[in-house]
Amino acid sequence: MPLYTQRLFLREMTQDDYPGLCRTLQDPLAMYAYEHAFSHQEVQEWLDKQLQRYAQDGFGLWAVLLRQTGELIGQCGLTWQDWNGRQVLEVGYLFQRSAWHQGYATEAALACRDHAFSALGAQEVFAIIRDNNTASQAVARRLGMTLVGDLVKHYYHMDLPHLVYSIRAKPE
């Protein structure tokens with residue numbers, strides 16, 4: 001499954017990635033779209049959820065490492081998400097702040113989008129993004145996605161508005 005891009009290597013997460021995940025998931029600024037930084041238990045639950053997704057779906061959010069150094073800088077991958085009662089394949093990405101504004105999210109998400117179309121045979125790929133997360137919305141547009149709807153997710157005792165972007169597979 002590993003995916004390679006010019007600068008990045010994406011692979012399934014392992015328990016050894018826990019400290020690297022903490023650097024992102026416990027950073028309040030990196031987690032602004034989630035409205036809180038995660039506790040140690042929440043980071044472990046996040047990691048366990050990805051391991052469960054690999055076993056159940058064959059994919060999930062993958063660790064994103066720099067090819068040159070092997071440093072874990074974030075996560076990007078594919079997950080099933082609910083959009084108003086419909087299960088859609090979403091490309092998601094979350095990076096530590098030191099990796100922001102360097103094109104890594106776009107590079108990783110393009111690889112995941114292409115993997116969804118070529119390896120999984122997906123007909124459409126989505127991105128569900130907080131309405132205030134303009135950086136992630138820009139990534140979605142760079143993936144060729146267009147705004148197709150919205151939804152409100154109830155999370156952490158709050159109603160959080162999200163925008164839904166998608167791109168369809170090109171007909172062969």
Side-chain angles (χ1 to χ4, degrees), residues 3 10 13 21 24-39 41-64 74-97 99-101 103-171:
L3 298 177
L10 286 73
M13 292 182 207
L21 289 175
T24 302
L25 298 176
Q26 293 185 329
D27 177 345
L29 291 176
M31 295 298 289
Y32 75 92
Y34 288 80
E35 298 289 340
H36 78 291
F38 282 14
S39 68
Q41 180 180 340
E42 288 171 312
V43 173
Q44 186 61 56
E45 290 169 356
W46 181 274
L47 177 56
D48 291 343
K49 179 71 171 174
Q50 303 322 309
L51 300 177
Q52 178 186 9
R53 284 176 165 148
Y54 305 152
Q56 179 180 316
D57 301 325
F59 52 84
L61 293 177
W62 294 307
V64 178
Q75 53 196 300
C76 183
L78 301 163
T79 60
W80 291 110
Q81 298 292 326
D82 180 78
W83 178 29
N84 298 328
R86 175 181 170 202
Q87 289 296 298
V88 298
L89 188 61
E90 183 196 29
V91 60
Y93 33 89
L94 189 58
F95 286 81
Q96 61 191 41
R97 278 189 292 146
W100 288 6
H101 308 296
Y104 294 132
T106 300
E107 189 173 327
L110 279 168
C112 292
R113 178 204 68 187
D114 293 348
H115 179 76
F117 290 141
S118 65
L120 303 179
Q123 293 303 303
E124 191 169 13
V125 176
F126 293 79
I128 301 171
I129 303 168
R130 278 291 306 276
D131 65 342
N132 64 348
N133 190 341
T134 55
S136 284
Q137 292 168 32
V139 170
R141 287 190 298 275
R142 284 193 290 275
L143 297 179
M145 294 183 167
T146 56
L147 184 63
V148 294
D150 57 32
L151 71 113
V152 175
K153 286 189 177 188
H154 186 73
Y155 177 76
Y156 210 68
H157 313 294
M158 293 175 279
D159 288 330
L160 305 177
H162 285 68
L163 300 175
V164 180
Y165 290 80
S166 83
I167 184 170
R168 296 195 57 78
K170 289 184 171 69

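Worth saying up front: this structure is predicted, and the values here are computed from it rather than measured.
Pairs passing the salt bridge (charged side-chain N to carboxylate O under 4.0 Å, His left out) check and including a residue from residues 112-129, sequence neighbours excluded, read R86-E124, E124-R168.
The two residues C112 and G77 make their nearest non-hydrogen contact at SG-CA, 3.7 Å. Minimum heavy-atom separation, V139 to A105: CG2-CB, 4.1 Å. Shortest non-hydrogen contact noted between A109 and Y93 is CB-CD2, 3.9 Å. The minimum heavy-atom distance linking A108 with V64 is given by the pair CB-CG2, 4.3 Å. Across L29 and W100, no two heavy atoms sit closer than the pair O-CH2, 3.7 Å. For the pair A37 and Q26, the tightest heavy-atom approach, listed with the atom from each and the gap, is CB-O, 3.5 Å.
More than 12 heavy atoms of other residues, nucleotides or ligands sit less than 6.0 Å from atom CD of Q87.
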- request: For H36 and F38, run ring-ring contact (aromatic ring centres under 6.0 Å, His included): C-alpha distance rounded to whole Å, both residues' side-chain angles, the deciding distance at 0.1 Å, then the answer.
  value: CA-CA 6 Å; H36 78 291; F38 282 14; 5.3 Å; yes
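L151 has its side chain out of reach of D82: every pair of non-hydrogen atoms, C-beta onward, lies at least 4.5 Å apart. Looking at heavy atoms from C-beta onward, L89 lies out of side-chain contact with F117 at the 4.5 angstrom threshold. Contact annotation: the side chain of R130 approaches that of E35 to within less than 4.5 Å [non-hydrogen atoms, C-beta and beyond]. Inter-residue side-chain proximity for L47 and M13 is flagged as met; some heavy-atom pair is nearer than 4.5 Å.
In this model, a donor atom of one side chain and an acceptor atom of the other lie less than 3.5 Å apart for T79 and Q81. No side-chain donor from either of D48 and Q52 sits under 3.5 Å from a side-chain acceptor of the other. There is a side-chain donor-acceptor pair under 3.5 Å between W46 and Q75.
Taken to the nearest 0.5 Å, the CE atom of M31 stands 5.5 Å off from the CG atom of L94. For the atom pair L163 CG and L147 CG, the distance stands at 5.5 Å (nearest 0.5 Å). One distance of note links CD1 of I128 with CG of D150; it measures 11.0 Å at 0.5 Å rounding. Note that CG of L51 and CD of Q44 are 8.0 Å apart. Values are rounded to the nearest 0.5 Å. One distance of note links CD of Q56 with NZ of K49; it measures 7.0 Å at 0.5 Å rounding. Put simply, CD on E107 and CG on L10 are 9.0 Å apart, with the number rounded to the nearest 0.5 Å.
For the side-chain contact (heavy atoms from CB on, under 4.5 Å) with L143, the qualifying choice from I167, V91, V125 is V91, the only one to do so.
The aromatic rings of W80 and F59 sit tilted, their planes meeting at an angle between 30° and 60°.
At least one donor-acceptor pair closer than 3.5 Å links the side chain of Y54 to the backbone N or O of L61. The backbone N or O of D131 sits less than 3.5 Å from a side-chain atom of Q137, completing a donor-acceptor pair. Under the 3.5 Å distance criterion, the side-chain polar atoms of S166 are left unmatched by any main-chain donor or acceptor of F126.
For H154, the side chain to side chain donor-acceptor pair (under 3.5 Å) criterion is met by D159, not counting sequence neighbours.
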